[in-house]
Amino acid sequence: MNSPVDPGARQALRKKPPERTPEDLNTIYSYLHGMEILSNLREHQLRLMSARARYERYSGNQMLFCSETIARCWYILLSGSVLVKDSMVLPPCSFGKQFGGKRGCDCLVLEPSEMIVVENSKDNEDSILQREIPARQSRRRFRKINYKGERQTITDGVDVNNYLSLPADLTKMHLTDNPHPQVTHVSSSQSGCSIASDSGSSSLSDIYQATESEVGDVDLTRLPEGPVDSEDEEDEEEEIDRTDPLQGRDLVRECLEKEPADKTDDDVEQLLEFMHQLPAFANMTMSVRRELCSVMIFEVVEQAGAVILEDGQELDSWYVILNGTVEISHPDGKSENLFMGNSFGIVPTLDKQYMHGVVRTKVDDCQFVCIAQQDYWRILNHVEKNTHKVEEEGEIVMVHEHRELDRSGTRKGHIVIKATPERLIMHLIEEHSIVDPTYIEDFLLTYRTFLESPLDVGIKLLGWFKIDSLRDKVTRIVLLWVNNHFNDFEGDPAMTQFLEEFEKNLEDTVRICFHNSGFSLSLSKNTNSEQFPSSPRSVVG
């Protein structure tokens, strides 16, 4: 069996952790860093994993663990296949993520398989699945606005412990009737500032980003994993949910106070998880939000009634309210209130812009993030340069966006953010970049929202299966579909017929392969149920 593991990484992973040199750890880290299924983990998590992971190879028809086994590790399947709780797991995939307690299910190695085994942390150690809480070693810098509107830069050495923290509860946002509320729309000529932001559209990955765990929690949820559940995992989730959210908000405040040049990738991710919940960022793509988080400056106004912007004052920033309420008083006598999550200030252009009206705080301890005009224009203008439109017969059928997941530039590629239903189906068999490794899983989870019938996908897959270069991809898609969404087939005669036809095509392909190899394979046309069960799950077995 040809190993998919880099020989150097395999050799380093085979060493006992205490025997690994710094060079070994860097080799392992580089290998893990390049794995698509680990692309959502951060550097400190991969470093911890490098010190605890090991390489193991198992023969076929071997029990990996049973239901009574105590969970002390989890697995990354590199080659082969395993059966967990009656579901097949195929590479690249992770499974068995559980923290203590009995497994609650059996795991059988179906064929010779290679895995990376990652030990769970001990009680007195940092967990790979816990977010890094760094000691503050970088410069603290944010702006404080006094009652007269004068700005003072706060740096290290200034005691700000008496400042109120970020809002304890995002439910305090004024989410009235609209799920993405914006303030009353006023024309630019009247207000002199932008009230809402519009930048691109959300993608499948953005939807996942918006449903990830609460601030302060760590997720491995986007790692492809077999559907293995247990009471212990549910207890762990409940324990995570009970975690004090104050720690998360303190981390956000700490990240906000750092100089933009001092913000690490981990800081940006921390801010990203907080900011994506605010209406001002709701319609932006993930890459735009990430870039804005990397350059934002934190401002605090302690007293109510403080003037932030005077009428006729030149605008130089875009503001988003994190806490408190501000009032915009227009020259015509009208006024409007902006709340947490709303934005005001410049529009994305380099032209000089002036405030029409007066902006003042209505409550104590108003907090904002500010984006300088040059940065705001550059980032939003960069969206157009980062998108690629695919046209067919003069119509746009797909829009790609280039994304970089870290500042090192090693995790970058294109992700689909818009497409017609036909092109979304076709993208199933196209190459997927490192920034979008779960496109197939995302599609199978969401296709019901834009397709009338799953048979539209099935017919395409049957046609592509006849093409030699696409056969393996199609087989993997069908296996994932049946394993993860069996309800799509159960009780649907048309989909059951699709699986039967796919199975027949698969048998014919196997017969031809054996014949060309000089082997004989006897398959009766009247195959009994013991050889090929009539259930759609026969495709998996």
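Note that CG of L322 and CG of L256 are 6.5 Å apart. Values are rounded to the nearest 0.5 Å. Atom NE2 in H485 sits 8.5 Å away from atom CG in L480 (nearest 0.5 Å). If you take CD on E310 and CE on M355, they are separated by 10.5 Å, rounding to the nearest 0.5 Å. Here I371 contributes atom CD1 and L292 contributes atom CG; the two are 5.0 Å apart, rounded to the nearest 0.5 Å. If you take CG on L271 and NE2 on H276, they are separated by 13.0 Å, rounding to the nearest 0.5 Å. From Q45, atom CD reaches atom CE of M49 across 7.5 Å, with rounding to the nearest 0.5 Å.
Using cut-offs of 30° and 60° for the angle between ring planes, the H33 and Y29 rings count as tilted. Ring geometry, F344 versus Y319: the interplanar angle falls under 30°, so the pair is classed parallel (tilted spans 30 to 60°). Ring orientation note: the planes of H414 and H400 are nearly perpendicular, at an angle over 60° on the 30°/60° scale. Note on ring orientation: taking the six-membered ring where Trp is involved, the planes of F95 and Y75 are parallel (angle under 30°, cut-offs 30° and 60°).
Judged by distance alone, with hydrogens and angles left aside, the side-chain atoms of T361 form no donor-acceptor pair with the main-chain N or O of V326 at under 3.5 Å. A donor-acceptor pair under 3.5 Å links the side-chain atoms of Q277 to the main chain of E273, judged by distance alone. S317 contributes no side-chain N or O that, together with a main-chain N or O of G345, makes up a donor-acceptor pair within less than 3.5 Å. Although no hydrogens or angles enter the test, the distance criterion places no donor-acceptor pair under 3.5 Å between the side chain of N337 and the main chain of T325. Listed for the R20 side chain is a donor-acceptor partner under 3.5 Å among the backbone atoms of S50.
Of the candidates K263, R290, R289, R290 is the only one forming a salt bridge (Lys or Arg N to Asp or Glu O under 4.0 Å) with E269.
With contacts defined as side-chain heavy-atom distances shorter than 4.5 Å, the pair Y439/L444 does not qualify. A heavy-atom distance below 4.5 Å is not found between the side chains of S94 and L77. Side-chain contact between N381 and P348 is absent, with no heavy atoms from C-beta onward closer than 4.5 Å. In this structure the side chain of M275 reaches within 4.5 angstrom of the side chain of M296, judged on heavy atoms. At least one side-chain heavy atom of L315 sits less than 4.5 Å from a side-chain heavy atom of L309. Using a 4.5 Å heavy-atom cutoff, the side chains of F274 and L251 are not in contact. Looking at W481 and P454, their side chains come closer than 4.5 Å, going by heavy atoms from C-beta outward. Using a 4.5 Å cut-off on side-chain heavy atoms (C-beta onward), V369 and I297 make no contact.
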> Run the side chain to side chain contact (heavy atoms under 4.5 Å, CB included) check on L90 and R476 step by step: do they pass?
Replying inline: CA-CA 9 Å; L90 300 172; R476 174 173 173 78; 3.7 Å; yes

>> Set out, in order, the CA-CA distance, both residues' side-chain angles and the distance that settles side chain to side chain donor-acceptor pair (under 3.5 Å) for D351 and Q353, then state yes or no.
In response: CA-CA 6 Å; D351 297 336; Q353 301 170 53; over 6 Å; no

> So R253 and E257, salt bridge (charged side-chain N to carboxylate O under 4.0 Å, His left out) or not? Walk me through it.
Replying inline: CA-CA 6 Å; R253 173 77 182 242; E257 291 178 0; 2.6 Å; yes

>> One pair to check against side chain to side chain contact (heavy atoms under 4.5 Å, CB included): L25 and E23. What are the steps and the verdict?
In response: CA-CA 5 Å; L25 294 175; E23 184 179 354; over 6 Å; no

> For I321 and F339, what are the C-alpha separation, side-chain angles and deciding distance, and is it a side chain to side chain contact (heavy atoms under 4.5 Å, CB included)?
Replying inline: CA-CA 7 Å; I321 304 171; F339 307 98; 5.9 Å; no

>> Quick one, M426 with M398, criterion side chain to side chain contact (heavy atoms under 4.5 Å, CB included). Give me CA distance, side-chain angles, the key distance, then yes/no.
In response: CA-CA 11 Å; M426 184 175 296; M398 179 177 283; over 6 Å; no

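Closest heavy-atom contact between G96 and W74: O-CB, 3.4 Å. Taking all atoms of both residues into account, the shortest heavy-atom contact from D436 to H432 is O-CB, 3.7 Å. The nearest pair of heavy atoms linking W377 to T349 is CD1-CA, 3.5 Å. Closest heavy-atom contact between S335 and S329: CB-CA, 4.2 Å. Contact between L13 and A53 at its shortest, heavy atoms only, is CD2-O, 3.7 Å. Summarising the geometry of K389 relative to I396, their closest heavy-atom pair is CD-CD1, 3.6 Å, with the distance given to 0.1 Å.
Residues E336 and H330 bring a donor and an acceptor atom of their side chains to less than 3.5 Å of each other. Donor-acceptor pairing under 3.5 Å is recorded for the side chains of N26 and R47. Remark: the D267 side chain and the T264 side chain contain an N/O donor-acceptor pair separated by less than 3.5 Å. If you check the side chains of Q373 and D375, you find no donor sitting under 3.5 Å from an acceptor.
In this structure, the side-chain contact (heavy atoms from CB on, under 4.5 Å) partners of E422, at least two apart in sequence or on a different chain, are T420. Evaluation of the side chain to side chain donor-acceptor pair (under 3.5 Å) rule for H427 yields E430 as partners, not counting sequence neighbours.
Under the 4.0 Å criterion applied to side-chain N and carboxylate O atoms, E431 and K473 are assigned as salt-bridge partners.
The number of heavy atoms from other shown groups lying within 6.0 Å of NZ (K460) does not exceed 12.
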